[in-house]
Amino acid sequence: MSLETDFPKAYVASEHESRLYEMWESSGVFKPQGEGAPWSLVMPPFNANGNLHMGHALVCTLEDIMARYHRMKGDRTLMIMGTDHAGFETQIVFEKKLVKEGRSRFQMTQEQFREETLAFTMANKQNIEGQVRMMGTSADWDTNRFTLDPKVVERVYRTFRKMYNEGLIYRGNRIVHYSVKYRTAYSDIEVLHEDRNDPLYYIKYGPITIATVRPETKFGDKTIVVHPEDERYKEFVGKSYKVMIATGEEVEMNVIADEAIKPEFGTGAMTITPAHDPIDFEIAERHNLPMTPVIGLDGKLLPIAGEFAGLKAAEARKLIAARLQELGLIEKVDESYIHSVALCYKSLQPIEPMLMPQWYVKVRPLADRAIESIEKGEVVYYPEGYKRIQLDWLKGLRDWNISRQIWWGIPIKDAMPENPEVANDPDIFDTWFSSAQWPVAVLEAMGEQYLQEFYPTTVMETGRDLIFSWVTRMLMMGLYLRDEVPFKNVYFHGMVNDSQGKKMSKSKGNVVSPVELSAKYGTDALRFGLIIGSAAAGDLPLPEEKIVGGRNFANKLWNIARFVTMQLNGRNFHDLPSPVAVTDFDETILAQLESAEAEVSNHLENYRFAQALQQVQGLAWQYFADIYLEGAKNQKEGDQVDDNTVAILFKVLTSTLKLAHPFIPFVTEAIWQQLSDYIPEQKGMLIAERWPSA
RNA sequence: GGGCUCUUAGCUCAGUUGGUAGAGCGCUUCGUUUACACCGAAGAUGUCAGAGGUUCGAGUCCUCUAGGGCCCACCA
């Protein structure tokens with residue numbers, strides 16, 4: 001072996017990474033090994049509609065660190081990768097693509113659209129799976145699943161049937177959040193709120209004036225509601241009289257009383273629009289009043305609006321207000337009124353509350369069960385503050401709308417083809433309804449023995465933004481289906497930001513691609529940059545300097561190994577004496593190694609990844625390279641470092657490689673393979689080595 | 001309206017159970033000794049936002065103030 005050719009001065013990641021990954025994958029080491037305790041992690045299924053982004057890269061890194069650590073510790077480690085068809089999200093991505101091509105889904109049949117979207121999704125799935133491999137992710141690819149795999153879909157349908165038969169799923173006709181732009185209903189969680197300033201119009205209905213921000217919805221109103229205790233209006237309750245409305249028509253209005261009215265708001269009186277407001281809807285239900293639609297699913301006013309019919313609701317508002325003004329029906333306008341407006345999370349356009357039938361999950365029993373489990377400590381949260389956030393959310397949770405008026409996803413109708421109520425429904429499941437069952441579905445797909453051994457999984461690692469949409473729902477569904485929590489620990493990571501700590505976004509042009517950075521600096525460098533100096537659930541800025549630091553660290557390790565190899569002078573490790581602490585130097589480095597082993601393990605057991613990595617770096621660079629190794633040079637007699645020192649160098653090097661491996665798997669494995677020339681009896685792979693335990 | 005969180009070296013941020021402040025990058029000076037210039041040596045830089053409290057001892061716990069950020073919320 002020649003140093004210059006076989007052990008070049010610089011570590012060039014691109015020359016090693018894909019080869020090493022193939023070596024690992026084909027060796028079968030990603031599968032559960034040995035007789036140790038089971039340790040399992042189900043990765044968040046990646047949306048198969050684009051490229052790997054930094055959030056994904058962080059997921060791969062954090063989760064792979066855990067998996068590699070536990071594998072080396074001797075646990076029966078299982079890391080499960082998966083991809084998500086991501087219903088609505090993918091539909092939007094694909095529709096944008098269609099628009100760019102000058103096409104539209106409305107020129108296609110649903111079947112055509114699904115076929116093309118499937119092809120698009122499968123291509124992206126393959127793409128992203130390659131990028132997950134690029135990240136060094138040591139997932140067992142035999143367990144890799146897609147949310148549209150027949151076994152997964154069948155699980156979703158079985159769950160639906162079970163819940164339907166037990167009364168936990170029902171079809172309800174009530175007010176839902178509706179996106180006019182995307183023509184679909186949402187669950188509560190897909191809605192954002194923003195404070196906006198809109199005029200509050202005080203409109204005269206005969207003797208009673210009401211306040212509203214939405215005069216455009218008032219065409220069907222037949223009822224004025226006041227609080228039963230309100231002295232101002234007591235004489236009117238139960239009576240009716242004719243008033244003029246915006247169309248110029250005379251309409252009969254009835255006055256009723258209901259507790260839902262707050263006397264201190266506006267004039268203490270309002271008219272109700274049951275088909276377009278949740279509170280009004282409830283009042284109408286209580287009093288058995290008609291519910292007349294005023295706005296169509298296209299967001300335009302219906303014929304009931306007379307001359308305003310066909311206008312978009314928002315455009316109509318000003319025109320209608322002007323007409324009311326002309327007719328002398330406006331008492332005053334409060335221009336400074338600020339209220340919270342519900343917005344579509346995707347388009348940021350106002351939500352239009354609509355009365356329409358949807359499928360709901362009756363969440364109370366499921367949520368109560370989840371609350372019980374959390375309070376009993378069956379799930380441990382990192383950071384722990386998220387436990388309460390989750391509990392609070394569960395306590396206030398309302399029934400979950402799981403149907404979407406979209407084209408891409410799992411069709412509801414096939415869940416119960418024999419049941420007309422289900423079989424005639426054209427809707428698609430909310431993606432989260434299937435991903436909520438993911439841990440059960442993926443383990444079950446491998447067979448009952450996987451569920452037995454690996455459910456509950458050890459840890460769920462995901463972004464803190466998914467706490468409600470995914471984590472809580474998995475908890476509820478896992479408990480429902482298996483009577484056991486789906487994971488024993490939850491670790492939340494934060495959002496990856498740019499070097500200034502700003503959120504990455506396409507419009508700001510500050511998005512950095514993990515694929516490009518990996519190609520430029522190596523995956524280890526990227527992994528290092530993502531982990532160093534970060535904390536659980538904390539947002540993490542990712543300046544390129546951090547990644548450069550990672551590359552430099554990889555190179556440092558490489559050169560430490562190069563130096564140690566040179567000291568061997570062609571001998572085998574076997575020829576060296578067992579390392580003994582002779583000098584103070586020896587004693588110090590061996591003690592430092594031992595304490596680093598303990599601390600890195602302790603940090604990793606407690607999900608303190610950044611601190612663990614900092615320990616490794618400090619040991620390797622400062623204690624080992626700068627101090628011990630430099631000392632060893634000075635101690636040289638002639639050309640030769642004494643054998644005991646070489647033995648210590650070798651021991652510390654190999655132990656350091658083990659400690660560093662979970663974080664920067666490629667360079668450590670590459671070095672290990674180089675070293676194996678000197679350790680004839682250890683021809684194996686570092687990934688399969690035993691973790692050094694102090 | 002409710003809740004959470006942050007304010008630590010020039011910059012971006014760590015700091016597990018309270019025990020005389022840390023990393024990376026940057027900066028100053030020096031060094032091309034055959035592991036590494038993707039390097040080494042030496043060095044400078046912080047009343048840990050402000051005020052008060054608990055404690056033998058607080059960046060770390062409590063209260064308040066100021067200024068950021070985030071999440072939740074069916075106030076017509």
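Here is the naming used below: chain letters follow the sequence lines, and residue numbers restart at 1 for every chain.
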Problem set entry | Touch class at under 4.0 angstrom, heavy-atom based, for A/A211 against every strand present | base
For this session: For B/rU20 and B/rG59, measure between their C1' atoms and round to the nearest Å.
Result: 13 Å
Exercise. Do A/K9 and B/rC36 share a donor-acceptor pair, side chain to base, under 3.5 Å?
Worked result: no
For this session: Please work out if A/A625 contacts a base, only the sugar-phosphate, or nothing of the nucleic acid, heavy-atom cut-off 4.0 Å.
Result: base
Exercise. The side chain of A/N552 lies closest to which of these nucleotides: B/rC39, B/rA76, B/rU16?
Worked result: B/rC39
Exercise. Within the structure shown, what part of the strands sits under 4.0 Å from A/Y521 by heavy-atom distance: base, sugar-phosphate, or nothing?
Worked result: nothing
Exercise. Does a donor on one side chain sit under 3.5 Å from an acceptor on the other, for A/Y521 and A/E544?
Worked result: yes
Exercise. Could a donor-acceptor pair under 3.5 angstrom be found where the side chain of A/E630 meets the base of B/rA35?
Worked result: yes
For this session: Select base, sugar-phosphate, or nothing to describe what A/I279 touches, counting heavy atoms under 4.0 Å on all strands.
Result: base
Exercise. Looking only at side chains, do A/Y205 and A/D221 share a donor and an acceptor under 3.5 Å apart?
Worked result: no
Exercise. What is the ring orientation for A/Y491 with A/F609, classed by angle as parallel under 30°, tilted 30 to 60°, or perpendicular over 60°?
Worked result: perpendicular
Exercise. What nucleic acid atoms does A/R464 come within less than 4.0 Å of, heavy atoms only: base, sugar-phosphate, or nothing?
Worked result: nothing
Exercise. Between B/rC38, B/rA73, B/rA76, which nucleotide gets closest to the side-chain atoms of A/S340?
Worked result: B/rA73
